[in-house]
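The structure under discussion appears below in the form of structure tokens.
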Amino acid sequence: MNATNRSHGALVKRLEFKDGCGPDRKLPPMRRIAHIDMDAFFASCELSQYPELRGVPMVVGGRRSDAPTVKPDGTREFARLRDYVGRGVLTTASYEARKFGVRSAMPTMTAARLAPDAIILPVNFELYRKHSRLFKEAVASVSSVIEDIGIDEVYCDVSMLEDDSETIARRLKTAVVEATSGLTCSVGLAPNKLLAKLSSEMQKPDGFTILTMEDLPGRVWPMAASKINGIGPKANERLASFGIDTIGDLAEREEPWLIEKFGRSYGAWLYRVAHGLDDRPVVTYSEPVSMSRETTFERDLHAVRDREELGTAFKALCDQVAADLARKGYVSKKIGVKLRFDDFKTVTRDVTLPSAIGDARSLRKAASSCIKRIDMVRTIRLLGIKAGTLSRPGSVEDAEDSAQLELKFE
DNA sequence: TCTGGGGTCCTAGGACCC
DNA sequence: TCTGGGGTCCTAGGACCC
């Protein structure tokens with residue numbers, strides 16, 4: 001993803017510049033940012049390959065064994081949620097499944113209680129990546145100033161286009177539906193990313209919404225504060241404890257009060273978003289910060305009794321991270337491990353190496369030194385390996401590290 | 001029938017250096 | 001001998017997002 005997108009800290013810094021005499025003082029007079037969000041993306045991708053599931057409650061998030069089988073007469077047989085056993089959460093639910101109260105990120109077992117007859121499909125990332133590429137190419141045909149924010153979402157700066165906003169929104173939607181042979185999206189068009197993101201959600205699915213600053217009191221302030229990107233469950237709970245439920249409630253508070261309750265950075269940010277202020281640019285390129293792999297076991301493993309199984313998983317994860325680094329052309333200076341115990345408590349340990357590495361053997365060595373520092377008090381639910389502080393082999397940073405090392409050995 | 005996997009950014013304390 | 005800050009790096013944990 002990218003560095004500035006979800007950072008209220010960065011946002012605050014830039015706004016301070018704008019108020020003062022910093023370099024960002026002269027902004028273009030009229031920005032227009034589109035947020036394009038695919039509708040129930042994974043489910044829609046699956047429908048395009050299994051059209052017989054159209055109109056049927058369906059969820060994505062199963063295991064490979066949930067893949068449909070082909071019967072002798074050529075028709076497909078699908079797994080049902082009621083037959084699901086094991087751990088996991090849903091990745092997506094079709095709109096028909098949502099009518100039963102099923103939501104993405106819901107534990108699959110909970111969903112099975114709500115909609116036992118719903119079809120369950122395993123995640124098929126290859127398929128989604130294919131449609132994602134087509135979707136993004138379609139958006140790029142309208143404006144190439146695009147910020148990637150996930151497999152099914154982009155921001156797009158359309159300030160330089162001459163058409164009116166409604167024409168642009170329609171052009172974006174038509175381009176996407178044609179490029180993906182029928183996948184729909186929802187478009188929000190507004191003066192900044194904050195409002196664009198809020199507006200794309202207002203007429204979902206397959207709609208578009210145009211928002212201006214004048215719409216703030218009438219259309220934005222009635223929305224729940226938690227709709228704002230950056231106000232998660234914790235912050236929302238804290239806000240609710242002060243009687244702040246909507247964005248309008250938030251806008252009624254003075255900035256000093258918000259800063260007093262939520263801190264300098266977050267408080268100032270809350271004040272600004274409540275008033276629809278956000279001048280983050282659309283960032284078209286960003287370098288990755290870390291790469292990681294993790295796995296949740298089918299059953300909790302014991303550090304000693306299940307040593308072999310843990311070792312196998314550990315090696316596989318290191319191999320995967322090494323392969324990811326190699327494929328994308330990075331090396332890492334910071335290797336870390338993550339463990340989740342049966343009580344869901346998560347611990348991490350990491351180590352900064354004297355020089356960047358990328359091969360599986362060095363990765364395993366660094367990661368096992370981290371694991372040794374963890375007190376194995378309970379059985380283990382999840383194991384993860386992460387490579388951070390990335391650089392490209394042969395880059396300036398990489399060369400500097402090597403030079404430092406040589407000096408040490410002289 | 002609890003709670004996936006891959007990310008980003010922020011905070012805070014301690015070490016260490018100037 | 002005592003008493004300071006500021007800056008940067010490292011580490012661990014946590015909030016948040018898709």
Nearest-angstrom distance from the residue atom [atom1] of [X] to [atom2] of [N]:
X	N	atom1	atom2	value
Met106(A)	dC2(B)	CE	C1'	11 Å
Leu317(A)	dG5(B)	CG	P	10 Å
Glu294(A)	dT3(B)	CD	P	15 Å
Leu382(A)	dC2(B)	CG	P	17 Å
Arg299(A)	dG4(B)	CZ	P	17 Å
Tyr84(A)	dC2(B)	OH	C1'	12 Å
Ile149(A)	dC9(B)	CD1	C1'	16 Å

Please enumerate all protein N or O atoms sitting under 3.5 Å from an N or O of nucleotides 11-13 of chain C, with distances to 0.1 Å.
| from | atom 1 | to | atom 2 | distance (Å) |
| --- | --- | --- | --- | --- |
| dT11(C) | OP2 | Thr352(A) | N | 3.1 |
| dT11(C) | OP2 | Thr352(A) | OG1 | 2.4 |
| dA12(C) | OP1 | Arg373(A) | NH2 | 2.9 |
| dA12(C) | OP2 | Asp350(A) | N | 2.7 |
| dA12(C) | OP2 | Arg373(A) | NH2 | 3.4 |
| dG13(C) | OP2 | Thr348(A) | N | 2.9 |
| dG13(C) | OP2 | Thr348(A) | O | 3.1 |
| dG13(C) | OP2 | Arg349(A) | NH1 | 3.3 |

Residues 237-245 of chain A, side-chain donor-acceptor partners within the protein, below 3.5 Å, at least two apart:
| from | atom 1 | to | atom 2 | distance (Å) |
| --- | --- | --- | --- | --- |
| Arg238(A) | NH1 | Lys261(A) | O | 2.9 |
| Arg238(A) | NH2 | Lys261(A) | O | 3.4 |
| Ser241(A) | OG | Arg238(A) | O | 2.6 |

* With sequence neighbours excluded, tell me which residues meet ring-ring contact (aromatic ring centres under 6.0 Å, His included) with Phe78(A). => Tyr50(A)

* **Qualifying residues under ring-ring contact (aromatic ring centres under 6.0 Å, His included), relative to His275(A), sequence neighbours excluded** => Tyr271(A)

* Asked: So Phe42(A) and Tyr128(A), would you call those rings parallel, tilted or perpendicular, with 30° and 60° as cut-offs?
  ->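 Aromatic pair Phe42(A)/Tyr128(A) classed parallel.
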
Can you name the atoms? Protein N/O to nucleotides 6-8 of chain C N/O, anything below 3.5 Å, with the distance.
none

* To do: Check side chain to side chain contact (heavy atoms under 4.5 Å, CB included) between Arg64(A) and all other residues, then give those that pass, not counting sequence neighbours.
  => none

* Scan residues 91-104 of chain A against DNA chain B and write down, sorted by residue number, each residue with any heavy atom closer than 4.0 Å; if none is found, say none. => none

* 5′-ward residue of the pair Ala105(A)/Thr110(A) relative to DNA chain B -> Thr110(A)

* Of Met109(A) and Gln320(A), the one whose closest DNA chain B nucleotide lies more 5' -> Met109(A)

* Would you mind classifying the nucleic acid contact of Thr295(A) as base, sugar-phosphate or nothing, using non-hydrogen atoms under 4.0 angstrom? =>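 Sugar-phosphate, no base atom in range.
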
* Looking only at side-chain atoms of Pro107(A), point me to the closest of dT3(B), dC18(C), dG5(B). =>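 Among the listed nucleotides, the one closest to the side chain of Pro107(A) is dT3(B).
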
* If anything within 90° of 0 is syn and all else is anti, what is dC2(B)? -> syn

Please check this pair: side chain of [X] against backbone of [Y], looking for a donor-acceptor N/O pair closer than 3.5 Å.
X	Y	answer
Asn192(A)	Gly276(A)	yes
Thr389(A)	Lys333(A)	no
Ser44(A)	Asp39(A)	yes

Tabulate below the donor-acceptor pairs under 3.5 Å that side-chain atoms of residues 105-126 of chain A make, not counting sequence neighbours, or state none.
| from | atom 1 | to | atom 2 | distance (Å) |
| --- | --- | --- | --- | --- |
| Thr108(A) | OG1 | Gly88(A) | O | 3.1 |
| Asp117(A) | OD1 | Arg82(A) | NH2 | 2.4 |
| Asn124(A) | OD1 | Leu127(A) | N | 3.3 |

* Structure fact -> Counting only Watson-Crick and G-U wobble pairs with both atom distances below 3.5 Å, the stems of 3 or more consecutive pairs that include DNA chain C are B:5-18 with C:5-18

* When you check the phosphate oxygens OP1 and OP2 of dC18(C), does a side-chain N or O of Lys197(A) lie under 4.0 Å from one of them? ->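 Affirmative; the distance criterion is met.
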
* Asked: So does Arg87(A) get a side-chain nitrogen or oxygen closer than 4.0 Å to the phosphate oxygens (OP1/OP2) of dT1(B)?
  ->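 For dT1(B), neither OP1 nor OP2 has a side-chain N or O of Arg87(A) closer than 4.0 Å.
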
* Find out whether Cys156(A) and Ile36(A) are in side-chain contact, i.e. whether some heavy atom of one side chain is under 4.5 Å from a heavy atom of the other. => yes

* Asked: What residues form a side-chain hydrogen bond (donor to acceptor under 3.5 Å, both in side chains) with Arg98(A), not counting sequence neighbours?
  ->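 With sequence neighbours excluded, Arg98(A) shows a side-chain hydrogen bond (donor to acceptor under 3.5 Å, both in side chains) to no residue whatsoever.
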
* Would you please name every residue forming a side-chain hydrogen bond (donor to acceptor under 3.5 Å, both in side chains) with Thr284(A), sequence neighbours left out? =>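 Result, side-chain hydrogen bond (donor to acceptor under 3.5 Å, both in side chains) vs Thr284(A): none returned.
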
Distances for protein N/O vs nucleotides 14-17 of chain B N/O pairs under 3.5 angstrom?
none

* Within 45° cone of Tyr330(A) ring axis and under 6.0 Å: Arg392(A) NZ or CZ -> yes

* Asked: Name the one of Asp342(A), Thr379(A), Asp306(A) that satisfies side-chain hydrogen bond (donor to acceptor under 3.5 Å, both in side chains) with Arg299(A)?
  ->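 Of the listed residues Asp342(A), Thr379(A), Asp306(A), the side-chain hydrogen bond (donor to acceptor under 3.5 Å, both in side chains) partner of Arg299(A) is Asp306(A).
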
* Can you tell me if CZ on Arg361(A) sees more than 12 non-hydrogen neighbours from other groups inside 6.0 Å? ->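 Atom CZ in Arg361(A) is not crowded, with 12 or fewer foreign heavy atoms closer than 6.0 Å.
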
* To do: Look at atom NZ of Lys365(A) and say whether more than 12 heavy atoms of other residues, nucleotides or ligands are closer to it than 6.0 Å.
  => no

